[in-house]
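Here the structure comes first, spelled out in structure tokens, and everything after it is commentary.
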Number of protein chains: 2
Amino acid sequence: MSEKGERSREHILATAKRLVMDKGFAGTSIDDILKAAGVSKGAFFHHFRSKADLASQLMRWHSAQDIRMFRDLAARAEALHDDPYEQLQFYLKAFEGYISNPTEPSRGCMYAVYTYESEAFDEDVNDVVAETLREWSAIYIRKFQEVIDRYPPARPVTAKELAEMIVSLIEGGLILQRAYGNTAITARQSEHFRAYLDMLFAPSMAASN
Amino acid sequence: MSEKGERSREHILATAKRLVMDKGFAGTSIDDILKAAGVSKGAFFHHFRSKADLASQLMRWHSAQDIRMFRDLAARAEALHDDPYEQLQFYLKAFEGYISNPTEPSRGCMYAVYTYESEAFDEDVNDVVAETLREWSAIYIRKFQEVIDRYPPARPVTAKELAEMIVSLIEGGLILQRAYGNTAITARQSEHFRAYLDMLFAPSMAASN
DNA sequence: TTTTAAACATACCATTCAGTCTGTTTCAGA
DNA sequence: TCTGAAACAGACTGAATGGTATGTTTAAAA
């Protein structure tokens with residue numbers, strides 16, 4: 001990242017990420033990664049002590065990228081809009097744009113891959129997965145709470161359950177997307193969720209104007 | 001299933017299913033399955049030509065079980081209730097009971113496992129996954145359509161998008177469930193979805209009485 | 001009782017895999 | 001220019017893995 005030496009490590013991580021998302025972690029051999037990345041075994045084992053170490057570094061690297069993106073998106077939403085509901089809508093729409101980007105269609109979710117092979121990983125790696133998902137939820141929870149506080153919902157809902165719902169919809173959408181070979185499903189789920197939010201909050205928003 | 005010889009095949013399939021759901025397909029070796037099932041290599045390769053053939057038979061076997069369960073649930077719902085909305089509620093609640101069964105807590109979803117390792121499987125196996133998910137959706141779609149026809153929803157929704165939503169919520173919930181080690185999440189998502197349905201249909205149900 | 005095929009058991013084989021070992025190159029600093 | 005360490009290259013190894021070959025048991029039909 002900072003030095004030139006990081007280039008190769010990041011290149012290996014990026015290649016591994018692509019392969020692991022396509023074939024799973026156990027289904028991806030080190031040789032597969034070497035071949036796809038065009039690096040030697042010496043280079044690989046210079047940066048990673050073992051395949052388990054790759055798993056750990058890969059998840060931490062990917063998690064750091066994601067958390068940065070979540071926070072960037074949240075910061076942009078807050079810079080552009082004052083109203084928490086508008087911030088939320090912006091955030092959700094921005095994510096829809098990101099997930100259905102046609103140049104780099106989403107292959108799925110790294111956390112789902114790790115979750116479904118959790119037995120293969122060290123406990124601390126699984127903890128990173130859970131913590132990243134929690135961090136992601138937390139961004140939603142904060143925003144939902146602000147919205148709920150300002151616009152009493154038509155039905156009593158908690159910020160936590162709404163956050164859990166959108167995360168579930170996205171994770172589930174990514175699975176259906178892969179299974180059906182249709183890259184539009186997750187964004188559609190998010191749109192539908194926004195329509196649900198409209199039902200919940202539109203009445204009291206109208207009343208407050 | 002019918003003959004005694006089927007016992008061993010089914011025993012291998014059931015064992016493989018458990019292991020594959022815990023460790024993924026690539027992460028489960030044939031020897032793992034032999035050891036866990038207490039059968040010999042000869043027995044295994046008598047019933048399955050290769051590991052890929054196991055993958056195929058396992059998915060078809062599992063899919064057949066699931067589809068039978070979906071249809072049984074739907075039939076029971078229709079036997080117990082006349083009103084399509086009550087049938088739907090029964091169906092969803094029954095599934096919640098099944099998924100959060102404490103004696104056999106759900107390890108996740110087989111289709112998700114296969115989806116995230118899809119590169120490893122033959123095209124026809126991936127087709128079985130997609131078709132089973134569609135079959136599952138179709139049961140929801142039929143019921144949602146009946147409900148929509150009888151009770152005009154508060155917001156224009158299609159049966160298809162509602163079906164896609166509950167399937168996504170369940171799939172996503174199963175991931176979060178594994179990641180967090182909390183076996184209650186999927187059932188909670190389903191409950192939340194039922195609350196959403198109430199918002200959609202309760203007004204016109206009240207009007208029709 | 002004999003025959004026959006399915007159902008199993010086990011030793012074995014070739015390949016792949018993660019990981020090691022022994023170097024060579026690169027390049028920053030003295 | 002020299003030194004030393006980081007970065008890399010690639011041949012090699014032992015264990016694991018998928019798969020085979022060959023033989024034995026079982027059980028039902030003839």
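Convention: sequence-line order gives letters A, B, ...; per-chain numbering from 1.
Regarding A/Arg9, its CZ atom lies at a distance of 16 Å from the P atom of D/dA6, rounded to whole Å. The nearest whole Å value for the distance from the NE2 atom in A/His11 to the P atom in D/dA7 is 16 Å. In this structure, the CD atom of A/Glu10 is 13 Å from the P atom of D/dA7, given to the nearest Å. The CD1 atom of B/Ile33 sits 11 Å away from the P atom of D/dG19 (whole-angstrom rounding). Per the geometry, CZ belonging to B/Phe48 stands 13 Å off C1' belonging to C/dA7, to the nearest Å.
In this structure, A/His46 does not reach the D/dC8 phosphate: none of its side-chain N or O atoms is under 4.0 Å from OP1 or OP2. Dashed line: the shortest gap from a side-chain N or O of B/His47 to OP1 or OP2 of C/dC8 is under 4.0 Å.
Annotation: A/Tyr196 is in aromatic contact with B/Tyr196 [ring centroid separation under 6.0 Å]. Ring to ring, B/Phe95 and B/Tyr91 are not that close: their centroids are 6.0 angstrom or more apart.
Taking the six-membered ring for Trp and thresholds of 30 and 60 degrees, A/Tyr140 and A/Phe144 have nearly parallel ring planes, at less than 30 degrees apart. Using cut-offs of 30° and 60° on the angle between ring planes, the pair B/Phe25 and B/Phe121 is perpendicular.
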Protein heavy-atom contacts under 4.0 Å, written 5' to 3' over nucleotides 9-25 of chain C as B (base), S (sugar-phosphate only) or - (none), form the string BB------SBBB-----

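Residue A/Asp124 qualifies as enclosed at atom CG: its count of foreign heavy atoms under 6.0 Å is above 12.
Between B/Glu78 and B/Lys143, at least one side-chain nitrogen of the basic residue sits less than 4.0 Å from a carboxylate oxygen of the acidic one, meeting the salt-bridge criterion.
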